[in-house]
Amino acid sequence: MTIPRARYLALTPALAALLLGCAQAYLDPVLHLRLAPALERRSDSLKVHMRSGDLYILGQWSVADSGRQIRGSGTHYDPWRVAQRADSAVIATEAVALFETNSKELAYALGLQGIGVMATLGAWVSAVCLMDPKSCFGSCPTFYVEGGDTTRVHAEGFSESVARVLEARDVDALGDVPIIDRRLAIRMRNEAYETHMVRRVNVLAVARPPGGRIFASGDSLFYPATSLTPPTTCMASGADCLRAVAAHDGIERFSLTDSSDLAARETIHLTFRGGATRPGLVLTARNSLVSTFLFYQTLAYLGTKAGDALASMERGTRGAAEAHFGMAQLLGGVEVQIRDSAGAWRTVGTYQEAGPIASDTKVISLPALPDDSETIEVRLRMARGNWRIDWLALADLGDPVRATRVAPTSVERLGGVGGGGVLTRALSRRSRIRPPIS
């Protein structure tokens with residue numbers, strides 16, 4: 001098809017207008033110690049950072065009294081970031097710490113070729129992130145053990161403590177780690193370069209029973225475990241899942257989310273050989289990226305009010321803060337159920353560990369069964385697509401034991417002593433107690 005020259009020339013300004021219409025607006029912030037007269041003639045919004053900690057965001061403003069006052073209207077935030085309307089604000093410039101102007105600029109598209117390049121680049125980045133999630137989603141502190149495989153993430157820190165009010169204590173299993181000359185070196189990294197505030201990092205050590213292991217139950221109890229046996233059968237959604245969960249080998253059993261309901265449940269049916277005097281279910285798992293998606297989607301729904309919501313959360317209670325992320329709570333943990341003598345399924349415990357980067361191992365104590373029970377039936381119930389399960393085993397548990405807390409003997413940062421890097425104890429607002437040696 002040939003386009004007549006006149007029409008071709010007519011299309012040129014139309015296409016140019018279309019491409020220019022695809023511009024993306026953004027704010028270009030500039031900091032000022034004082035306001036120059038030329039700035040007053042611009043239509044930029046003005047942020048006034050006060051020495052007291054207050055903040056004014058003025059949509060309309062002017063300099064008055066020979067530069068000794070700023071008058072305008074907008075929003076006033078107190079030091080706790082409680083917002084109120086300020087229709088006739090009068091601000092003394094001597095009480096101002098910093099001015100910030102935000103001019104609206106436009107970024108123009110590169111055209112269809114640029115869109116194609118960016119789409120291809122985006123697909124490539126997505127593939128890389130799926131293969132190595134910690135390189136893209138490593139916003140939580142990750143812990144590595146020196147002396148062995150230094151690329152393996154042994155533990156992941158405070159995935160849910162996104163604010164001071166949500167500060168939490170957590171225990172993660174390190175597994176088999178090398179101890180050289182009675183020295184254990186742990187490196188804490190921050191791949192995503194986000195701000196982390198860690199109150200303390202310690203190692204909890206418990207003596208192993210002969211031929212057995214130590215597993216944490218929750219964040220305070222530790223059980224010696226012997227006679228670990230894999231399940232004899234594992235069925236989920238009509239498929240055999242035994243190979244994926246029979247060993248702690250990184251081969252994980254996972255599923256896809258429901259297409260219309262992220263909270264839709266699925267079940268895994270397990271059978272074990274009986275004989276354990278005090279049975280306990282050992283479970284190694286980690287989150288998928290569903291909870292991560294919901295967290296950032298919640299922030300997206302808040303839009304420009306996300307900062308206000310986070311500031312309000314810090315002023316409230318822990319329960320109120322957790323309510324901000326109710327969508328993720330609907331997913332829940334992994335319910336552990338057993339079949340009782342009447343044939344009904346009964347929940348006896350829940351595995352709950354946030355974080356998609358590193359797996360963690362916990363044990364759930366099961367009720368004692370009759371001595372003549374040849375098999376133990378266990379059912380796991382969870383949100384579809386929310387969990388990646390690596391290992392399931394039945395263990396014979398001993399009495400709970402106390403752990404010895406081992407504080408770091410030295411802390412190094414960037415090769416120097418005294419910061420937060422290799423065994424850190426840095427002051428912070430979010431507490432993480434690192435795992436027992438199991």
Side-chain angles (χ1 to χ4, degrees), residues 21-29 45 47 55 57 59 75 77 81-83 100 102 104-109 114-115 118-130 132-141 156-168 190-197 256-264 286-332 354-357 383-388 430:
C22 295
Q24 175 66 44
Y26 68 95
L27 294 178
D28 183 22
S45 63
K47 287 186 179 180
L55 171 68
I57 301 180
T75 305
Y77 295 87
R81 291 305 180 257
V82 176
E100 178 184 345
N102 290 273
K104 183 173 292 187
E105 305 291 346
L106 294 177
Y108 295 97
I115 293 175
M118 294 304 295
T120 303
L121 180 60
W124 179 80
V125 171
S126 299
V128 171
C129 291
L130 288 173
D132 186 16
K134 74 180 181 67
S135 64
C136 299
F137 306 103
S139 58
C140 302
E156 176 181 359
F158 53 79
S159 300
E160 292 182 327
S161 298
V162 296
R164 178 174 53 184
V165 70
L166 294 174
E167 178 178 343
N190 179 6
E191 282 93 354
Y193 297 101
E194 291 189 357
T195 300
H196 298 146
M197 304 184 73
L256 300 178
T257 59
D258 186 88
S259 61
S260 58
D261 181 7
L262 291 181
R286 61 181 173 130
N287 277 133
S288 66
L289 291 174
V290 175
S291 57
T292 303
F293 162 76
L294 286 179
F295 171 72
Y296 287 107
Q297 188 61 49
T298 299
L299 295 182
Y301 286 146
L302 292 172
T304 58
K305 298 297 183 182
D308 294 346
L310 291 173
S312 173
M313 181 168 50
E314 287 283 35
R315 298 192 302 270
T317 64
R318 184 183 185 90
E322 291 175 342
H324 281 73
F325 306 104
M327 291 193 299
Q329 293 176 14
L330 290 176
L331 299 179
I357 300 174
R384 284 179 54 182
N386 190 42
W387 292 96
R388 303 176 70 94
R430 297 176 201 165

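Values below: every heavy atom of this structure, side chains too, minus hydrogens, waters and symmetry copies.
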**Q** Taking the side chain as every heavy atom from C-beta outward, state whether E156 and P356 have any atom pair closer than 4.5 Å.
**A** yes
**Q** Please identify each residue that fulfils side-chain hydrogen bond (donor to acceptor under 3.5 Å, both in side chains) with E314, with sequence neighbours left out.
**A** none
**Q** Under 3.5 Å, side chain of S312 to main-chain N/O of D308, donor-acceptor pair present?
**A** no
**Q** Between the side chain of E100 and the main-chain N/O of K47, is any donor-acceptor distance below 3.5 Å?
**A** no
**Q** Using only atom types and a distance under 3.5 Å, with no angle test, would you say the side chain of R318 pairs donor to acceptor with the backbone of E167?
**A** yes
**Q** Please identify each residue that fulfils side chain to side chain contact (heavy atoms under 4.5 Å, CB included) with F295, with sequence neighbours left out.
**A** V162, L299, F325
**Q** Looking at residues at least two apart in the chain, or sitting in another chain, which of them share a side chain to side chain contact (heavy atoms under 4.5 Å, CB included) with A311?
**A** R81, R315
**Q** A side-chain contact here means heavy atoms from C-beta on lying under 4.5 Å apart; do V165 and M313 qualify?
**A** yes
**Q** Working note: V290 + T257, criterion side chain to side chain contact (heavy atoms under 4.5 Å, CB included); need CA distance, chi angles, decisive distance, verdict.
**A** CA-CA 8 Å; V290 175; T257 59; 3.6 Å; yes
**Q** Could you pull out all residues at least two apart from A83 that satisfy side chain to side chain contact (heavy atoms under 4.5 Å, CB included)?
**A** T75, Y77
**Q** Can you name the side chain to side chain contact (heavy atoms under 4.5 Å, CB included) partners of Q297, sequence neighbours left out?
**A** F293, A300, Y301
**Q** Between N386 (side chain) and L331 (backbone), is there a donor-acceptor pair under 3.5 Å?
**A** no
**Q** Can you check whether L166's main-chain N or O pairs, donor with acceptor, with S161's side chain at less than 3.5 Å?
**A** yes
**Q** To check you understand the geometry: which heavy-atom pair defines the closest contact between A354 and N287, and what is its length?
**A** CA-OD1, 3.2 Å
**Q** Can you list the residues that meet the side-chain hydrogen bond (donor to acceptor under 3.5 Å, both in side chains) rule with S260, with sequence neighbours excluded?
**A** D258
